[in-house]
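Presented below is the structure to which this report refers.
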Amino acid sequence: MISNLVVLPIVIPLLAAVIAIFLHRKLPIVRIFTQVVIAINLCVVTFVLFYVNQNGTVVLEAGDWVAPFGIVLVGDLLSLSLVLTTNIVAFACSLYAPKSLDEDKEEFYFYTFFLLLITGVSGAFMTGDLFNLFVFFEVLLMASYGLIILGGERVQLRESIKYVLINLFSSMLFVTTVAFLYSVVGTVNMAQIAERVAEDGQSGILTGIAILLFFVFGTKAALFPLYYWLPKPYIVPNPVISALFGALLTKVGIYSILRVFTTIFPHEESVFQFFIWIAALTLIFGTIGALSTNNIKLIIAYNIIPAIGFMLLGIGVFNATGFSGSVYYLIQDMLIKAALFLLVGAISYLAGTSDLRKIHGFIHHYPLLGWLFFISAFVLAGIPPFSGFIGKLLLIQGAFESGEIVVALIGLGASLLILLSVMKIFIRGFWGEKDDSIVPDHKKARGFIIPIAFLLFFNVLLGVGAEWFYPSIESIGNYLLDPTSYIQTVLKE
Amino acid sequence: MEIIMSILAGVLFTTGVYNLLQKQMLRIIIGTALISHGAHLFILTMGKLKRGAPPILDDTITNYTDPLPQALILTSIVISFGVTSFLLVLAYRASKENGTDNMDKLRGSEND
């Protein structure tokens, strides 16, 4: 009975998305409706997470088809905490959207696509079936295609073509990889694949398949040689859509790497050594990208890339500390990336431009916005006591435990440069002479600040209250290090 | 039979990738369609093609077709059909708005 609860975070936004289609012209109703639905979903997920924390993993076998044959949804601590974070981000975005979007864009089924995106992301986090993961990827990608072209401006259409093509290509490779894996191990259930790979040993063909899967997820997560598609398509839509993309989409990719490579393919050491070098290169090139531009939205979009590098570093070092660091960093990065995208969205809306050379003295008009930006820059760079620090501390600690000192140092250097790239916005955009041509719109600014402050509250809470969250994060790390508990829970052995 | 099908899937992938690397938008879309056909054919082949019996599992029956690849391929066909039709509309709109369907001319600078 209780196992049915884990399907609710997928079903609630899905049904709400359908209802939102019919309400699409009645904007006041559909706004409130979406906010209420996400709030209810947030409560449900919190309850399920609390339950799982008390009683252990919940597995739902859809339609009562027993585990290796049917599709399973696995609600463990990792997936549910990510779904919870997704819903926190979604709630902030649902508050921000009416302030930021034009009414005609909102009317054009924004809320439907938005809720479908949440459905897809939650589903991808919770599924225990590799093919089902592909399906949920497609659900969230389809919704993101709808969102990225919302408004249909010239530049949007131009960039979205590339976005759709790269995702379509990697999806097709994903299907091919699943077919390969099916022919080798004869199942698509992740737990059973893991069991069979562990029994027969990870032969050369399985490692080849693993690398192909890494390529697919690496494209979606924007890892080193494959990140070229990311920054521009992420800045062309409305800031609230950029925030959703930046906070959720790439994180689904890195979550899939974390899940697949800790559960199914943990047997080949050289693969993880390869991960570490990819992570180092991702850190370096992402940071260079972030330093290279004066477009404030592009700076934040490039900052997604080194964050992914940090998470991959935690997977690559392959110890419990590294895994908990990755998970912690994943959660806090979802929150901070959403907050930063919403912040630069607010700045560029209020300043009328996203070119840093044309913005100055903003703090005279909007002091609160300025200080929120200051805090979020500190969170992003990992200054104690904020949440970024705890995540990086765990990751660097994990790297030292495995003796990967060079990469740990690269990570630390990248953090400094990340701070520089974000502080550049603060120093040049907020400090400086007062720009008298700007007429401050405080009512609008307040509308922007509430959801941003909501997100930053959780970031500060994660950092200051790390004492409370750490035991759960640590247990997730240990849980990922030993896949047998996952396999046994899903297959009920 | 499986060997022939695998080679066919490989040919579809090759032609698909070749088309994907062209500059004209319509060719690129045809390329993605070919790649998805290759992928679908591949799924079907991986489940072993012909075993000569319906997918019914019973205590007395030992010879049956594996139904799972067929279920997977159906899902995948529907998805790629949807995405391809979306992509066609998107490409049409994009080429109308930008006045060109040459991917070389669809690169962006910051101030666009």
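Chain A is the first sequence line, chain B the second, and so forth, proteins listed ahead of strands; every chain is numbered from 1.
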side-chain contact (heavy atoms from CB on, under 4.5 Å) evaluation trace for B:F86 with A:I149: CA-CA 11 Å; B:F86 171 79; A:I149 55 158; 4.0 Å; yes

Separation between CE of A:M172 and OG of B:S76, rounded to the nearest 0.5 Å: 4.5 Å

Reported CD-to-CZ distance for the pair B:E97 and A:R158, which is rounded to 0.5 angstrom: 12.0 Å

B:I43 portion near chain A, given a 4.5 angstrom heavy-atom threshold: both

Value rounded to 0.5 Å, distance of OG1 in B:T75 from CD in A:E138: 11.5 Å

From B:T32 atom OG1 to A:N167 atom CG, the distance as rounded to the nearest 0.5 Å: 12.5 Å

Part of A:S354 lying under 4.5 Å from any heavy atom of chain B: neither

Neighbour count above 12 (heavy atom, 6.0 Å) for A:D64 CG: no

A:I205, CD1 atom: more than 12 neighbouring heavy atoms under 6.0 Å: no

Whether over 12 other heavy atoms sit under 6.0 Å from A:F180 CZ: no

Chain A contact via B:L44 - which portion, at a heavy-atom distance below 4.5 Å: neither

Flag if over 12 foreign heavy atoms under 6.0 Å of CZ, A:R196: yes

Options B:N98, B:L20, B:L68, ranked by heavy-atom pairs under 4.5 Å with chain A, top entry: B:N98

Between CG on residue A:L165 and CD1 on residue B:I29, distance to nearest 0.5 Å: 7.0 Å

Engaged part of B:I79 at the chain A interface, taking heavy atoms whose separation is under 4.5 Å: side chain

Spacing of CG belonging to A:L157 relative to NZ belonging to B:K96, to within rounding of 0.5 Å: 13.0 Å

Side chain / backbone / both / neither for A:Y145 at chain B, heavy atoms under 4.5 Å: both

Under 4.5 Å from any heavy atom of chain B - which part of A:I161: both

